[in-house]
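Okay, so here's the structure we're looking at.
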Amino acid sequence: MRSHGCGDLRQDASGQAVELCGWVDRSRDHGGVIFVDLRDRSGSVQITVDPDNGAAMFAVAEHLRNETVIQVAGTARQRPADAINDKLATGQVEVVAASITVLNAVKGNLPFPVSVHDEENTREELRLRHRYLDLRRERMARNLRLRHSTVQAMRRFLEEAGFIEVETPVLTRSTPEGARDYLVPSRVCGGEWFALPQSPQLFKQLLMVGGIERYYQVARCFRDEDLRADRQPEFTQLDMEMSFMGQEQILELNEALIASIWQAVKGIELPRPFPRLSWHEAMARYGTDRPDTRYGLELCDVSDLVKDMGFKVFSGAVAAGGAVKCIAVPGGNEAISNVRIKPGGDVFSEAQKAGAGGLAFIRVREGGEIDTIGAIKDNLSDDKKAELLTRSGATPGTLLLFGAGDTATVNKALDRVRQFLARELGLVQSERQNDQWNFLWVVDFPMFEFNAGENRLEALHHPFCAPNAADLGADPAAWAETLPTARAQAYDLVLNGLELGGGSLRIHDSALQRQVLQTIGLPLEEAERQFGFLMEALDMGAPPHGGLAYGVDRIVMLLAGEESIRDTIAFPKTQQARCLMTQAPAGVADKQLEELHVASTWTEEEG
RNA sequence: GGGACUGUAGUUCAACCGGUUAGAGCACCGCCCUGUCACGGCGGAAGUUGCGGGUUCGAAUCCCGUCAGUCCCGCCA
C-alpha cells in the first residue's frame, strides 16, 4: 500500500517508483497542472498531477478537498531547478502521479482547518469536540511525540538503574485524607465501593516490603477535585520507590533521571547538583514552597524594624503575631507608576486577590531620600530607614512594596505580586520561548500543618512520610511531644515555579506509623481499620524505603512550552471534567444501577 | 461554591455611543489558468449574532436569566 513516508522522500529517491498514502494537506490547481501536498505522520511532499498521465486521474485531482485520504502511485523525481522549495524538507523532489485512489472522502465542512498553514486560534471547545482532527495538526502531533520521548527516556534510565515496572490496582480502597475519590460501586459485594487511586502510594510501599527494591510505574491517578490549567481529573505520574537508600542517594539518582530526560528531549546538559532550599527558607525568601528562581525580587522580612513604629498597619501586624515583608524592585520607580500600586491598580489588585488588604510602598530617591505616604515617612526614624534600605538592598530608583498582616497572607500576597512583576517587567520569557531551566529541591518540609477549619493537624505531604530522626528523638515515649513539630524527610522538585514532583522517605516502623496517624487525629481503631494491612506488613520485615512521584503531564507541558496540560494529553477533559468528544460522563440504564445496588438521588433542581 | 473573560457564516475575526440589507480573510461551490508551494483571477452560496426573557420606535450592541468553554479563588495529603 505504501513504499515511503511522504516526509522521508529526498533526492536519492529520484527515479524510483513510489506509493504514498496520506491526507491532502492542500492543493493548488493551475488548470493545466495540479499540485497536491500529501501529508502523513512523517511530513508532506508535493504530488504533481499532469493531465497527460490520465484524464480520469486528473479529474479526481481537480476535486480533492483538504483532509481527503488518498493513495498515490507514481515516480519520484528531482524538481526543476527553478521550482525547488527550500522551506520544505522534501522541497528538492516531487512525485509525479500515475494514479490517485481516494480511500476516504471528507463529507461536509471540516469544523476547523488542519493544515499547519492555517493553524490559528481555534476554539478549544471545537478542538476537544473533534480531537482526532486536532491530533492531525502539527502542534498536537509534536506534543504527543514529545510526551512519548519523555516517557521513553524515563523508562530507559530506570531500566539501566535496575528498576522494574510493576502495575498496581486501579480498583482499590478509599482512604481518608487527601483529595475526593472517584468511586466505583461493587456489583458482587453489594453496598461496598472501590476507589480509583489518587496515587499508588500504599501499593508501592508494599512492593518494597515485597522485596522489589526498585519499582517504578507510569501510573494513571485520579482525583475528583476542581480543574485548573495544570490539573485534570485523571493524570499520569512517574511513580518510583526504592529500598535501602537515604535521601541524599534518592535525590542524586533523580537528578540523573531528570538530566537524562532533558538530554534526550531537549539535548540540554543540565548543571548538577540541583540547588536545594529548605522549606523554611523558601517560605521566608519567596513566600511559597515552590519558588521560581529564574529571577530575584526576593522577599525581605522587616518586621523587627517596624514593630514599634507609629504606622499602625505595620506595627499592628507584628503585634498580632504577623509579619511585614517587602519586595525590592530595582528600577521600579521608572517601571511602575503610582497608579498601578494604589487601590485599583493592577499590581495592587494582585496583592488584593491573594487576600491582602493592600500594598504599602516606598520609592527610594537619590541620597537615601524616600517618597511614600506621610504615615510611613513621618514614623520612620533615620536609622530604621537606613537599615531598611540596607537590608532590602534598595538603591536610588528602587521601589519597595510592602505586605503587612498575618504571615501566611503576607507570603501569599507578595508571592503573587512577585510573579506578576516578573512577567510585567519581562524577567521571564513566555512559556513557549522559555529556555531557562531552574530546578530546585525544596527539602525539610514540616510533617504537619494546622487545619484551623477542622481544628487538627494535617499531614503536609501524606501520613507515611518519615520524620527527621533528630527532630523525633530516640525515645518512643516522647514521640507524641516531638512529632507534631518535627520536620519530614520529604522533598519536592520545583522547576521554574512549578512543582514537578515530590516524595519522601517512608515510615517503616509500625509504632511510629500509628503515632503519626494518631497525630492527624485518626483514632487508633480507625487507623487499624483503614491501614491495618500496612502496619501488619511493616511488622514483617519492611526495609527502609522511600521514593517520589512526578507529574508527567506537567513535565511534558514545560518541555513542550505549553501553558496547559490539556495540550499534552490526547483526550483531555474540560474544566467541568467532561469529555466533549464522547460526552462522558453520561446517564446509564436503570438496570445497570440496580445490578450495582445503587440509587441516584440526583434531581433536576440540584443540577 | 465564588469571581472574571469569551460565545457573530464551516472557521478566524470585524461591525463606533443602540440606528440602512450584520462585513472581511480562509474553507466551500462554479468558471478561468502548465511550475505553484499560504499560487493567482472572476463569480456565487453561506447567519436563529449560544439559548430564553426584558428595556426600547429600533438590540449582535443595554439589562436579567441560562448553557457552554477558558482563567483564577476555594479545593487539590
Side-chain angles (χ1 to χ4, degrees), chain A residues 25-38 44-52 58 62-63 65-67 79-88 90-91 94 96 106-130 133 175-181 198-199 201 221-233 235 349-350 352-355 412 416 420 445 447-449 451 453 457-465 488 490 499 502-504 516-517 520 522 549 551 563-564 566 573-576 578 580 583 607:
Chain A
D25 194 65
R26 63 200 305 127
S27 60
R28 294 169 294 282
D29 184 347
H30 286 247
V33 63
I34 299 171
F35 301 106
V36 178
D37 293 338
L38 188 64
S44 68
V45 69
Q46 174 166 286
I47 311 294
T48 305
V49 188
D50 192 310
D52 296 342
F58 194 80
E62 279 183 311
H63 291 97
R65 294 174 54 183
N66 295 347
E67 297 312 306
R79 288 197 193 189
D82 58 350
I84 287 169
N85 186 346
D86 294 327
K87 286 183 274 183
L88 284 180
T90 59
E94 61 189 351
V96 183
V106 172
K107 290 117 188 155
N109 283 316
L110 289 168
F112 52 83
V114 174
S115 174
V116 66
H117 308 292
D118 301 312
E119 202 165 298
E120 35 192 281
N121 304 327
T122 305
R123 292 183 77 90
E124 192 168 11
E125 204 173 335
L126 284 171
R127 293 175 53 205
L128 294 179
R129 169 89 179 79
H130 304 281
L133 270 188
T175 52
E177 295 238 343
R180 203 173 289 114
D181 284 319
Q198 296 180 23
S199 83
Q201 181 60 35
C221 305
F222 306 86
R223 292 177 192 174
D224 187 4
E225 296 292 348
D226 288 336
L227 278 58
R228 291 285 188 282
D230 60 355
R231 284 183 354 212
Q232 283 272 301
F235 59 100
S349 300
E350 285 300 315
Q352 216 169 26
K353 282 179 204 161
K412 204 170 163 182
R416 187 159 174 151
F420 181 75
F445 282 77
M447 283 285 287
F448 308 101
E449 66 182 347
N451 180 327
L457 289 177
E458 271 183 338
L460 199 71
H461 269 86
H462 55 62
F464 314 108
C465 293
E499 184 195 327
S504 65
V516 168
L517 292 172
I520 59 171
L522 207 59
E563 292 177 40
S564 161
R566 289 188 301 278
K573 293 181 174 55
T574 68
Q575 199 160 48
Q576 298 302 311
R578 184 176 284 285
L580 291 182
Q583 293 297 315

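Since the structure is predicted, the reported quantities are computational estimates derived from the model, not experimental observations. Letters A, B, ... mirror the listed sequences (proteins, then strands); counts begin at 1.
Following rounding to the nearest Å, A/Gln575 (CD) and B/C5 (P) show an atom-to-atom distance of 15 Å. A/Glu350 places its CD atom 10 Å from the P atom of B/C73, with the value rounded to the nearest Å. In this structure, A/Asn121 places its CG atom 16 Å from P of B/U70, rounding to the nearest Å. Per the geometry, CG belonging to A/Asp37 stands 17 Å off P belonging to B/G35, to the nearest Å. A straight line from CD of A/Glu225 to P of B/C72 spans 16 Å, rounded to a whole angstrom. The distance from atom NE2 of A/His130 to atom P of B/G69 is 14 Å, rounded to the nearest whole Å. If you take CD of A/Glu67 and C1' of B/C28, they are 15 Å apart, rounded to a whole angstrom. Taking atom CG of A/Asn109 as the reference point, atom C1' of B/U12 lies 14 Å away to the nearest angstrom.
The only member of A/Asn66, A/Val36, A/Val114 that meets side chain to side chain contact (heavy atoms under 4.5 Å, CB included) when paired with A/Arg26 is A/Asn66.
Here A/Leu227 contributes atom CG and A/Ser564 contributes atom OG; the two are 9.5 Å apart, rounded to the nearest 0.5 Å. A distance of 13.0 Å separates CG in A/Asn121 from CZ in A/Phe112, rounded to the nearest 0.5 Å. One distance of note links CD1 of A/Ile34 with CZ of A/Arg28; it measures 11.5 Å at 0.5 Å rounding. Between the CD atom of A/Glu94 and the CG atom of A/Asp37 there is a distance of 11.0 Å, given to the nearest 0.5 Å. To the nearest 0.5 Å, atom CZ of residue A/Phe58 and atom CG of residue A/Asp50 are 7.5 Å apart.
Rounded to the nearest Å, the gap between the P atom of B/C63 and that of B/C75 is 33 Å. B/A46 and B/G35 have their P atoms separated by 35 Å, given to the nearest Å. Comparing B/U6 with B/G58, their C1' atoms are spaced 27 Å from each other, to the whole Å. Comparing the C1' positions of B/U21 and B/U49 gives a spacing of 16 Å, expressed to the nearest Å. Nucleotides B/G18 and B/C62 are separated by 8 Å at their C1' atoms, to the nearest Å. For the C1' atoms, the distance from B/C76 to B/A14 is 41 Å, rounded to whole Å. One C1' atom belongs to B/G10, the other to B/A45, and the distance between them is 13 Å to the nearest Å. When the P atom is compared between B/A15 and B/G50, the two are found 15 Å apart, to the nearest whole Å.
Across every strand in view, B/U66 sits in a pair with B/G50 that passes the Watson-Crick or G-U test at under 3.5 angstrom. With both pairing distances under 3.5 Å, B/U36 is matched to nothing as a Watson-Crick or G-U wobble pair. Nucleotide B/C71 forms a Watson-Crick or G-U wobble pair with B/G3, both donor-acceptor distances falling under 3.5 Å. With a cut-off of 3.5 Å on both Watson-Crick or G-U wobble distances, the partner of B/A9 is given as none. B/C42: Watson-Crick or G-U partner is B/G30, with both key distances under 3.5 Å. Of the nucleotides present, none pairs with B/A14 by Watson-Crick or G-U wobble criteria with both distances under 3.5 Å.
Phosphate proximity of B/C26 to A/Arg65: absent, as no side-chain N or O sits under 4.0 Å from OP1 or OP2. OP1 and OP2 of B/U36 both lie 4.0 Å or more from every side-chain N or O belonging to A/Arg28. At B/C71, none of the side-chain N or O atoms of A/Lys353 fall inside 4.0 Å of OP1 or OP2 (strictly under the cut-off). The phosphate of B/G69 (OP1 or OP2) has a side-chain N or O of A/Thr574 nearer than 4.0 angstrom.
At the heavy-atom level, A/Pro463 lies under 4.0 Å from base atoms of the strands shown. As judged by a 4.0 angstrom heavy-atom cut-off over every strand, A/Arg127 is placed among residues making no nucleic acid contact. Residue-level contact check: A/Leu126 touches the backbone only, with heavy atoms under 4.0 Å from sugar-phosphate atoms and none from bases. Here A/Ile34 lies out of heavy-atom contact (under 4.0 Å) with every strand. Across all strands, A/Pro111 comes closer than 4.0 Å only to sugar-phosphate atoms, never to a base (heavy-atom distances). Residue-level contact check: A/Lys87 touches the backbone only, with heavy atoms under 4.0 Å from sugar-phosphate atoms and none from bases. Backbone-only engagement by A/Glu124 is indicated by non-hydrogen atom pairs under 4.0 Å involving sugar-phosphate atoms exclusively. Residue A/Ala179 is in sugar-phosphate contact alone, with no base atom involved, counting any heavy-atom pair closer than 4.0 Å across all strands shown.
A distance cut-off of 5.5 Å between ring centres, combined with a plane angle under 30°, leaves A/His30 outside any stacking arrangement with the base of B/C33. B/U11 has no base stacking with the ring of A/Phe112 when judged by centroids under 5.5 angstrom apart and an interplanar angle below 30°.
Evaluation of atom-type donor-acceptor distances gives a pair under 3.5 Å for the side chain of A/Arg79 against the base of B/C37. Judged by atom type and distance alone, A/Asp29 reaches the base of B/C33 through a side-chain donor-acceptor pair under 3.5 Å. For B/U70, the base has no donor-acceptor partner in the side chain of A/Glu125 [N/O atoms by modelled type, under 3.5 angstrom]. Scanning atom types as modelled, no donor and acceptor separated by under 3.5 angstrom connect the side chain of A/Gln576 and the base of B/G69.
Two residues are said to be in side-chain contact when any heavy atoms from C-beta on lie closer than 4.5 Å; A/Arg79 and A/Asn85 meet this criterion. Annotation: side chain of A/Val516 is in contact with side chain of A/Phe448 (closest heavy-atom distance under 4.5 Å). In this structure the side chain of A/Thr90 never reaches within 4.5 angstrom of the side chain of A/Gln46, judged on heavy atoms. Between A/Pro233 and A/Lys573, the closest side-chain pair of non-hydrogen atoms falls below 4.5 Å.
For A/Glu458, the salt bridge (Lys or Arg N to Asp or Glu O under 4.0 Å) partners at least two apart in sequence or on another chain are A/Arg456.
Nearer the 5' end of RNA chain B, as judged by each residue's closest nucleotide, is the contact made by A/Arg578, out of A/Arg578 and A/Arg223. Nucleotides of RNA chain B nearest to A/Arg566 and A/Thr48 differ in position, and the one nearer the 5' end is that of A/Thr48.
Closest to the A/Arg123 side chain, of the nucleotides B/G35, B/U8, B/C71, is B/U8. Distance from the side chain of A/Arg26 is smallest for B/C39 among the nucleotides B/C71, B/C13, B/C39.
Annotation: proximity of residues 226-233 of chain A to RNA chain B (heavy atom, distance under 4.0 Å) is found for A/Asp226, A/Arg228, A/Ala229, A/Arg231, numbered in ascending order.
Using a cutoff of 4.0 Å between basic side-chain nitrogens and carboxylate oxygens, A/Glu225 and A/Arg223 are not scored as salt-bridged.
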